[in-house]
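Structure, as structure tokens:
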Amino acid sequence: METITARYDAKSIESEMQQVWDESDTYRRVRDLRKDGKQFFFVDGPPYTTGHIHLGTAWNKIIKDAILRYRSMRGYHVIDRAGWDMHGLPIEVKVEEKLDFKTKKDIEEYGIDSFVSTCKEFAIQNMAAMTSQFKRLGVWLDWDDPYMTLKRGYLESVWWTLKKANEKGLLEKGMRVVNWCPRCETAIADSEVEYGDRTDSSIYVKFPVIDEENTFIVIWTTTPWTIPANIAVAVHPDFEYSKVRAHKDGKSEILIFASDLIDSVLRAGKYHDYELLDVCYGSDLVGTQYKHPLVDIVPKQAEFEHKVFPAEFVTTENTGCVHIAPGHGVDDFELGSKYGLPAFCPVGPDGRYTIDASIYEGIYVKDADKQVINDLDERGYLLASETIVHRYGHCWRCKTPIIYLATEQWFLKISQLKEQMLDEIAKVSWYPDWAGSARFRDWVAGARDWCISRQRYWGVPIPIWVCDSCGKYEVIGTGEELKARSGGEPPDLHRPWVDEVTFACSCGGECRRVEDVFDVWFDSAVASWATLDYPHTTDAFETLWPPDFIVEGHDQTRGWFYSQLGAGMVAFDRIPYKSVLVHGFTLDESGSKMSKSLGNIVAPDTVIEKFGADTLRMYMLSSNAPWDDLKFNRDEVATVHRSLNILWNVYRFPLPYMVLDGFDPSAVSFESIRGALRQEDRWILSRANSLIRNVTSAMDEYKLHVATRAILEFVLEDLSRWYIQLIRPRTWTEADDPDKLAVYRVLCDVFTIITRMTAPFMPYLSEAIYQNLEGEGAGEKRESIHACDWLAPDEDLIDPELEADMAEVRRIVEAVANARQKAKRKLRWAVRQIVIAPEDGGIARAVESLKDVLAEQTNAQNIVLLGVGNEWDELGIEAIPDMAKLGPAFKKDAGKVADAIRGADARAIKNAIGKTGEWTCDLDVAGSTDGVVTITREMVNFQSVVPEFAADSGFERGIVYVDTTLTPEIEAEGYAAEAIRRIQDMRKELDLEVNDWIKVTLGISDTRVSDFLNSMAGFVAGEVRARMMTIGDMAASGDLVKDWDVEGVEMRIGVSVLA
RNA sequence: GGGCCCAUAGCUUAGCCAGGUGGAGCGCACGGCUGAUAACCGUGAGGUCCUGCGUUCGAAUCGCAGUGGGCCCA
């Protein structure tokens, strides 16, 4: 046991503890210690290797760490491999930026092998950087052997899963409309689309009806570039549509669109008048043929028939007639499939028109809007053209506006598993419940087939080999299998090496791999078995899978929770996790999300630099429920830091005494001091054991905020503000008495509890305290606090009655402080007595049981406890006339009557009314009878008056009176205390050691005070360690001389050090 | 436009499930302590409990509608 630094220096504690952990490989040894415990299989949701952690990822890992440390202390064998998500477009985009690439062509020219190698290198570098950031947060995961999606074994788990899907008939190749990023030239998942505002054209187009002269169907679109691909128009069969003759500039034409929209459409087209010619249902319009408006410049369109079809998805917005381009829209494509329409798609993967679009060939579609609008206008088919600001999808990585393209992709048909998936969700424990029962459920209910193919380079290659002659395909499950099938094995299963492997088809043709790689979400989807190296080895899988627990943010509803569910169904027909804690998002102080563009990002490192990791952890865990969003607030972090500093001070306070006394915790048993325990000792032990109970039950429900707040509250309220104050005098005694040993023992026991309770949350500080307090000698010392067992509360030490009594006494002490302030009598001056008027018997019990504590903390010479309902007999009484009652009775003389009441003896009035119901006095005024007025009960109210020499203050269950009458004894002690405090102050100013001796001269002209001080001279000298002390009306001298004003009395004090 | 979550003092929040006088901490003001001292403690001021409607003897709490914020989707 050693004394420690004055200030809580998180930085040096944390680096020191980290070093110890590193050197002794503490993490591994702690996990080994628990290896026979019940298994707790946790799967780390793999962060993407971007290179830096942000506050959200920090929070995520801090939550994980706190829970896993707790579980480990509870005796569980925790399996906690860290994971990394290392493939995919985000890294490709970063590398492209670095190499200044613009298109896929640049990559192909650079060489796929070099490009992929660069991506790999980049991902590994980032992983290393992030690992050290997480470690600094104090996060214990298996960092030395993380699962990495780019490793061969992992990659093969992905392959195996796809093979499984194929065996179950869940793999499908199909033409679908997908979200397409024209820059990245790949399909992207729904979950990779980011919505943001964008200004686009908004046009109304007239499609000429065949065989009906001057008649047009009016459609509306925000993507003019899709008009060249128009194949049909959709109307709602049940809506009413109108045929109107509309007039403009002396001309007229016949327009068809939804009846409800006549006003808005005609206004948009600037028509000044119209006649209604006909109304019909949408179903009546079905089959109407029209001419494609640009057929003259897009000759390919002449090959198609253009007709009206019914569709339920049509709404009464814009025109009620929807332009259908099956090659460019999801609904369009589905309608097309239903009615056998061609998915005409004259746009290439680069977002430029192909030859099919004739004159538009080579133009980037988003740039073509204007030209299409012009071409429509020239032909007289443009009804109106405006602009609109609307939400539009963008590629989440490169921010390019996405387009919809009908392409051939690979799908997992999970929409057909929807019902089973919903059943599976219900089997999982969700914290909080709504995350599963409402949110995830809704998301899964809308599940669509999962497009797993991407036309990119850095990812798990899709292990499908297609025969170039018969078209049959084969799914390969492992590298071994590939070797067996082809006779060769590439050095790396990534692209481009794997692409070179071909093998013969049974038909005699040659099988080549499809060029696609997996959607990166599929990588992490298999994490729960890939991390167990399944299917290569099966032992771990059989004993551990499925995982007991995962924790991620609520954005993962559509992400990892979902992708794992899908993959789990495909591979094992079940959801691959048993319980889930869902956490919130980190927002800035004003509640906006943190983003680079807003410049409100908070880097965890900067917070750690200033306050330390334990403070950041404690802040993030205590400020919110995990599932609520966390508004990051720097001031609050500082507040938590201060709380930790108080913990530090509380821990530091007794150390010098213990060290000085050579106190050895292991040599003083609890039993040996049991008899010496005071009430306050029993109380703090009760509180500490109650704390264990509360923290444990909070942790078992993942209420980390409740657990951490309870700890902070205990440290601040119970320990620092109360217990330490109560025991201070006991630690100063120099004798080796049991009273002091009891305090030492109790403090050690309390700290045994505190270190265990705080270990999951403040791993560094708890370790530092543990190593010092329970270092050498302590019987069952473990190498680390994190190797210690969690504690069960000692129920025998919990005394709810005592806890309640102490709470009551604290309230009384506070009330006394309040009353003292009213009376301007500071705590240093004793009071003759405090009088407690309780409202119930409970107070009496508390006061009786804790009288010493109460007397000491209030600095009262005597405590008087009144009976319930009794008044203090020193209270005066005041009669207050009720003018509302006196007025009607005495009219204009009511004022005189009131004065008479005020002037009379209030107690006499009260007694009289108490006896006879009235009080009379001689006063000849209106309303009097023979010069006597009669005052009845309702005319006067009575109020207690606190005597001059006292002050009162109410508390919840009573009133306390403080009698501040000065006695010579009190004054003498008071002045002595004043003098002592000032001399101590000067000692400090002189920078004296605690055991230095001094000489004091105290010059004072006030003979009364001087006499008081002289009567206490011995006491004062003892307190300030003075060998010589003179007090009187003389000049003070010494190494330091200062003038003081003590309660209006001037003193000049001189202090000199004695050699 | 839809689903889920959130809204209480200047700030961060407890209370809400099981309706009955709204509690803390920070900050602020004033004061105290002075062998935890560049620490610590007390007192005080500060609240349309987001808005409106409803249920009820009674609503921060329950219901409905709206507003604002967050996540996810369309």
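Chain A is the first sequence line, chain B the second, and so forth, proteins listed ahead of strands; every chain is numbered from 1.
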[X] side chain: which of [options] is closest?
X	options	answer
A:Thr639	B:A39, B:C71, B:G25	B:G25
A:Arg721	B:C41, B:C4, B:C71	B:C41
A:Gln725	B:C40, B:C71, B:G25	B:C40
A:Ala438	B:C72, B:U43, B:C4	B:C4
A:Phe585	B:C40, B:G70, B:U13	B:G70
A:Arg709	B:A14, B:G25, B:C71	B:A14
A:Ile646	B:C4, B:U43, B:C41	B:C41

Distance, [atom1] atom - from [M] to [N], rounded to whole angstrom:
N	M	atom1	answer
B:A7	B:U48	C1'	15 Å
B:U13	B:G47	C1'	14 Å
B:A45	B:C50	P	23 Å
B:G23	B:A18	P	23 Å
B:G22	B:G35	P	42 Å
B:U61	B:C49	C1'	10 Å
B:U21	B:G58	P	15 Å
B:C17	B:C5	P	16 Å

Counting just side-chain N and O atoms, does A:Asn624 come under 4.0 Å of either OP1 or OP2 of B:U13?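 A:Asn624 to B:U13 OP1/OP2: side-chain N or O found under 4.0 Å.
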Under 4.0 Å between a side-chain N/O of A:Arg439 and OP1 or OP2 of B:G70, yes or no?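 For B:G70, neither OP1 nor OP2 has a side-chain N or O of A:Arg439 closer than 4.0 Å.
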For [X] and [N], what is the distance between atoms [atom1] and [atom2] respectively, to the nearest whole Å?
X	N	atom1	atom2	result
A:Tyr723	B:C40	OH	C1'	18 Å
A:Lys631	B:C11	NZ	P	9 Å
A:Leu647	B:A39	CG	P	17 Å
A:Leu716	B:A39	CG	C1'	13 Å
A:Asp628	B:C4	CG	C1'	12 Å
A:Ile711	B:G25	CD1	C1'	17 Å
A:Met618	B:U12	CE	C1'	15 Å
A:Asp629	B:C71	CG	C1'	7 Å

With rounding to the nearest 0.5 Å, note down the distance linking CG in A:Leu616 to CG in A:Leu55.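 Output value for this atom pair is 6.5 Å.
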For the atom pair CG (A:Asn859) and CD1 (A:Ile834), what is the distance rounded to the nearest 0.5 Å? 10.5 Å
Does one side chain, of [X] or [Y], offer a donor that lies under 3.5 Å from an acceptor on the other?
X	Y	answer
A:Trp450	A:Asp519	yes
A:Thr57	A:Asn60	no
A:Asp661	A:Tyr744	yes
A:Glu973	A:Trp829	no
A:Asp629	A:His554	yes

Have a look at [X] and say if it touches a base, only the backbone sugar-phosphate, or nothing, with a 4.0 Å heavy-atom cut-off.
X	value
A:Ser643	nothing
A:Val650	base
A:Arg820	nothing
A:Tyr657	sugar-phosphate
A:Glu1023	base

List the protein contact pattern of nucleotides 28-34 of chain B with one symbol per nucleotide (5' to 3'): B for base contact, S for sugar-phosphate-only contact, - for none; contact means a heavy-atom distance under 4.0 Å. ----SSB
Can you list the residues that meet the salt bridge (charged side-chain N to carboxylate O under 4.0 Å, His left out) rule with A:Arg709, with sequence neighbours excluded? none
Does A:Asp1043 have any salt bridge (charged side-chain N to carboxylate O under 4.0 Å, His left out) partners at least two apart in sequence or in another chain, and if so, which?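 Per chain and number, A:Asp1043 pairs via salt bridge (charged side-chain N to carboxylate O under 4.0 Å, His left out) with A:Arg1052.
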All side chain to side chain contact (heavy atoms under 4.5 Å, CB included) counterparts of A:Asn694, not counting sequence neighbours: none
Which residue, A:Ala625 or A:Arg642, contacts RNA chain B at a nucleotide closer to its 5' end, judged by nearest heavy atom?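 Checking each residue's closest nucleotide, the 5'-ward one belongs to A:Ala625.
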Could you work out, with ring pair (Phe, Tyr, Trp, His ring centres under 6.0 Å) as the rule, every residue matching A:His323, not counting sequence neighbours?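 Here no residue qualifies.
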Using side-chain heavy atoms (C-beta onward) and a distance below 4.5 Å, is A:Val637 in contact with A:Asn633?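 Side-chain contact under 4.5 Å: no.
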Map every base of RNA chain B to its dot-bracket character, where paired means a Watson-Crick or G-U wobble contact with both distances under 3.5 Å and | marks a partner outside the strand. (((((((..((((......[..)))).(((((.......))))).....(((((..]....)))))))))))).
